[in-house]
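The model shown is predicted, which means the values in this text are computed figures rather than measured ones. Sequence lines set the chain letters: A, B, ... in the order given, protein chains first and strands last, and positions in each chain run from 1.
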2 protein chains.
Amino acid sequence: MQYLSHMAQKTEPPVSTASEEPAWKQRAVERSTKAAKLRAEKRLVRFLDAAQAIITEKGTTDFTVQEVVDRSSQSLRSFYQHFGGKHELLLALFEDALARSADQIRAAATGRSDPLSQLKVAVQLLFELSRPDPAAQRPLFTDFAPRLLLTHSVEVKIAHAPLIELFTEMMVRAEAAGQLRPTIKPRRAAALTMQTIMFIAQSNGVSDDETVNPISADEAWEFCAMGFAHP
Amino acid sequence: MQYLSHMAQKTEPPVSTASEEPAWKQRAVERSTKAAKLRAEKRLVRFLDAAQAIITEKGTTDFTVQEVVDRSSQSLRSFYQHFGGKHELLLALFEDALARSADQIRAAATGRSDPLSQLKVAVQLLFELSRPDPAAQRPLFTDFAPRLLLTHSVEVKIAHAPLIELFTEMMVRAEAAGQLRPTIKPRRAAALTMQTIMFIAQSNGVSDDETVNPISADEAWEFCAMGFAHP
DNA sequence: ACCAGGAAGAGAATAACATTCTCAGCGGAG
DNA sequence: CTCCGCTGAGAATGTTATTCTCTTCCTGGT
């Protein structure tokens with residue numbers, strides 16, 4: 001159900017065999033493979049759950065593979081059988097977290113009818129979810145996205161897709177209601193807003209013993225919605 | 001001249017001795033220390049230059065301490081004599097880069113008289129400077145800031161100070177000219193704008209073989225200035 | 001000119017991780 | 001029942017940062 005998608009191709013046989021091997025053999029192999037595949041998936045989930053638990057426990061994505069292995073009572077051997085490396089694990093969790101968050105936000109937003117109100121709710125919730133360690137479950141650990149943005153930008157983008165889509169939908173509705181600035185396209189507005197919110201929440205989260213910062217969700221919302229210039 | 005500031009206290013004797021030791025001794029020690037201090041600074045600079053060279057060469061902040069040591073023809077021993085660790089080196093370079101960028105941006109902005117125009121120029125230049133590897137010299141390597149934001153948020157904030165200050169000045173002028181939305185304080189507007197621009201430029205930099213993104217400096221500017229809502 | 005002590009170089013030692021490899025046992029499909 | 005792929009256990013490897021040892025050198029004070 002959860003933890004799906006992007007490592008799928010790993011277990012898929014190469015398409016080429018489809019035309020080289022008779023269909024019956026295909027099916028036979030597939031049938032005998034299915035069980036194994038299920039077993040594999042179970043193990044996979046155990047790794048993912050363990051990792052998730054560790055992350056929420058110590059509020060950081062700096063865990064060691066060994067920790068995950070121990071926690072899930074499996075072996076390194078097995079870990080690398082299922083994941084290309086630590087980064088795949090992280091990407092899986094990241095993707096999952098973003099997808100869930102998208103659902104959660106969507107749910108929260110349906111309470112409002114006015115497109116802009118929906119966006120406001122969405123933005124504020126996204127802001128909360130994006131800040132590090134609100135002691136809450138499943139912080140978005142947007143913190144580790146940057147490191148992967150350099151090495152796996154494509155995957156990160158894929159992970160972002162659900163949120164982008166959600167925000168785009170909302171922006172489209174806002175546009176239809178004439179609430180969107182005419183010079184900006186919904187998808188662009190969505191992307192810009194999301195990035196702004198996520199990053200600001202992130203960089204803002206660490207405690208400020210000092211004078212200033214703690215930018216609030218409201219401020220962030222106002223900034224995205226109205227900019228800083230006087231109309 | 002350059003590469004100054006935040007590791008200064010390292011070589012400063014503890015203030016306490018000032019009251020415990022006679023002043024003449026202080027001065028004597030200081031005099032005899034001065035030369036050594038200069039020598040030390042030379043080495044320091046060699047490390048920093050070497051690191052900077054490596055970074056601009058391979059366009060990433062993922063170098064090893066060994067590389068820096070070799071490149072500067074010095075020794076590990078010496079490196080750790082001068083720096084508390086790799087992170088101090090990075091912070092030094094980061095701080096320096098941000099300070100220079102602030103100067104550069106300030107210079108570019110003085111060409112305009114209208115506060116908003118100045119801001120626009122500033123924002124667009126900041127955007128360019130913040131994107132990874134424009135093959136240009138000294139990209140802001142804003143990429144590594146995130147990793148340090150967690151472990152050394154205070155230092156990162158210090159490094160950001162010059163830019164924040166610059167943008168705040170400009171926002172203040174804009175406010176005076178009635179070009180700033182009344183509900184937003186200059187310093188906040190500055191912080192929000194900076195973060196937005198830097199992060200968007202950053203995450204946007206990596207090549208998009210696909211359909212969409214490449215958010216432009218203009219788009220980013222418009223977003224910050226006017227938000228997305230229809231007035 | 002001479003000496004003590006603080007830097008510096010060379011590079012080995014340590015530590016923490018990720019990733020890979022070896023070997024032996026297990027369990028399911030035929 | 002038997003074979004083979006999947007596992008567990010954990011050793012081995014490789015990369016880095018960081019520390020440590022020992023020796024050499026230079027400098028400033030006498």
Side-chain angles (χ1 to χ4, degrees), chain A residues 10-11 13 24-47 50-51 54-55 58 60-92 144 147-148 151-152, chain B residues 10-11 13 24-47 50-51 54-55 58 60-92 144 147-148 151-152:
Chain A
K10 285 267 164 184
T11 50
W24 62 267
K25 202 165 185 177
Q26 288 280 312
R27 263 176 280 129
V29 170
E30 190 177 321
R31 211 175 329 124
S32 75
T33 291
K34 198 166 301 181
K37 201 171 275 183
L38 287 181
R39 250 173 296 144
E41 224 159 275
K42 282 233 174 64
R43 288 172 181 286
L44 209 99
V45 169
R46 279 168 65 193
F47 283 126
I54 294 172
I55 289 177
K58 41 191 253 188
T60 176
T61 51
D62 281 333
F63 56 84
T64 72
V65 173
Q66 193 62 55
E67 284 178 290
V68 175
V69 165
D70 292 346
R71 179 99 176 207
S72 67
S73 306
Q74 293 176 94
S75 68
L76 271 178
R77 182 72 184 69
S78 204
F79 180 87
Y80 286 99
Q81 184 90 32
H82 294 293
F83 295 95
K86 190 182 179 180
H87 66 103
E88 271 197 16
L89 207 213
L90 283 168
L91 280 167
F144 98 98
R147 334 183 209 184
L148 268 58
T151 54
H152 301 80
Chain B
K10 283 269 164 183
T11 50
W24 62 266
K25 201 165 184 177
Q26 287 281 311
R27 260 176 281 129
V29 170
E30 191 177 321
R31 211 174 328 124
S32 75
T33 291
K34 198 164 302 181
K37 202 170 276 185
L38 287 183
R39 251 173 295 143
E41 224 158 275
K42 282 235 173 62
R43 288 175 181 285
L44 208 100
V45 170
R46 280 168 65 193
F47 283 125
I54 294 172
I55 290 177
K58 41 191 251 187
T60 176
T61 51
D62 281 332
F63 56 84
T64 73
V65 173
Q66 193 61 55
E67 283 177 290
V68 175
V69 165
D70 292 345
R71 178 98 175 210
S72 66
S73 305
Q74 293 176 95
S75 68
L76 270 178
R77 180 74 184 67
S78 203
F79 180 87
Y80 285 99
Q81 184 92 36
H82 293 294
F83 295 95
K86 191 184 177 179
H87 66 103
E88 272 197 16
L89 207 212
L90 283 169
L91 280 167
F144 99 100
R147 336 183 207 186
L148 268 58
T151 54
H152 301 80

Taking the side chain of B:Arg39 as its heavy atoms from C-beta onward, which of C:dA8, D:dT27, C:dA18 lies nearest to it?
->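 Looking only at heavy atoms from C-beta outward on B:Arg39, the closest nucleotide is D:dT27.
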Which residues pass the salt bridge (charged side-chain N to carboxylate O under 4.0 Å, His left out) test with A:Asp62, sequence neighbours left out?
->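 Checked A:Asp62 against salt bridge (charged side-chain N to carboxylate O under 4.0 Å, His left out); matches are A:Arg147.
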Residues in salt bridge (charged side-chain N to carboxylate O under 4.0 Å, His left out) with A:Arg71, at least two apart?
->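 So A:Arg71 forms a salt bridge (charged side-chain N to carboxylate O under 4.0 Å, His left out) with A:Glu57.
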How long is the gap from [atom1] on [X] to [atom2] on [Y], to the nearest 0.5 Å?
X: B:Leu91; Y: B:Glu88; atom1: CG; atom2: CD; value: 7.5 Å
X: A:Leu89; Y: A:Thr61; atom1: CG; atom2: OG1; value: 11.5 Å
X: A:Ser75; Y: A:Gln66; atom1: OG; atom2: CD; value: 9.5 Å
X: A:Leu44; Y: A:Glu41; atom1: CG; atom2: CD; value: 7.0 Å

Starting at atom [atom1] of [X], determine the distance to atom [atom2] of [N], rounded to an integer number of angstrom.
X: B:Glu41; N: C:dA7; atom1: CD; atom2: P; result: 15 Å
X: B:Lys34; N: D:dG29; atom1: NZ; atom2: C1'; result: 18 Å
X: B:Leu38; N: D:dG28; atom1: CG; atom2: P; result: 11 Å
X: B:Lys42; N: D:dC26; atom1: NZ; atom2: P; result: 16 Å
X: B:Asp62; N: D:dT16; atom1: CG; atom2: C1'; result: 11 Å
X: A:Gln81; N: D:dG8; atom1: CD; atom2: C1'; result: 12 Å
X: B:Lys37; N: C:dG6; atom1: NZ; atom2: P; result: 17 Å
X: B:Lys86; N: C:dA16; atom1: NZ; atom2: C1'; result: 15 Å

Under-4.0 Å side-chain N/O to phosphate OP1/OP2 contact, [X] with [N]:
X: B:His82; N: C:dA8; answer: yes
X: A:Arg43; N: D:dG8; answer: yes
X: B:Ser75; N: C:dA8; answer: no

With a non-hydrogen cut-off below 4.0 angstrom, is A:Phe63 in contact with a base, only sugar-phosphate, or nothing?
->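 Sugar-phosphate contact only.
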Residues that B:Phe79 engages under ring-ring contact (aromatic ring centres under 6.0 Å, His included), provided they are two or more places apart =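 Listed in chain order: B:Phe47, B:Phe83.
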Side-chain heavy-atom pair A:Arg46, A:Ser73 within 4.5 angstrom cut-off =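 Touching, per the 4.5 Å side-chain cut-off.
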Symbol by symbol from the 5' end, with Watson-Crick or G-U pairs under 3.5 Å, [ ] crossing and | another strand, DNA chain C is ||||||||||||||||||||||||||||||
Extract from the structure each pairing of a protein N or O with an N or O of nucleotides 20-24 of chain C at less than 3.5 Å, listing the distance.
none

Partners passing side chain to side chain donor-acceptor pair (under 3.5 Å) against B:Arg43 (at least two apart in sequence or in another chain) =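 Scan of B:Arg43 (side chain to side chain donor-acceptor pair (under 3.5 Å), adjacent residues dropped) gives B:Gln74.
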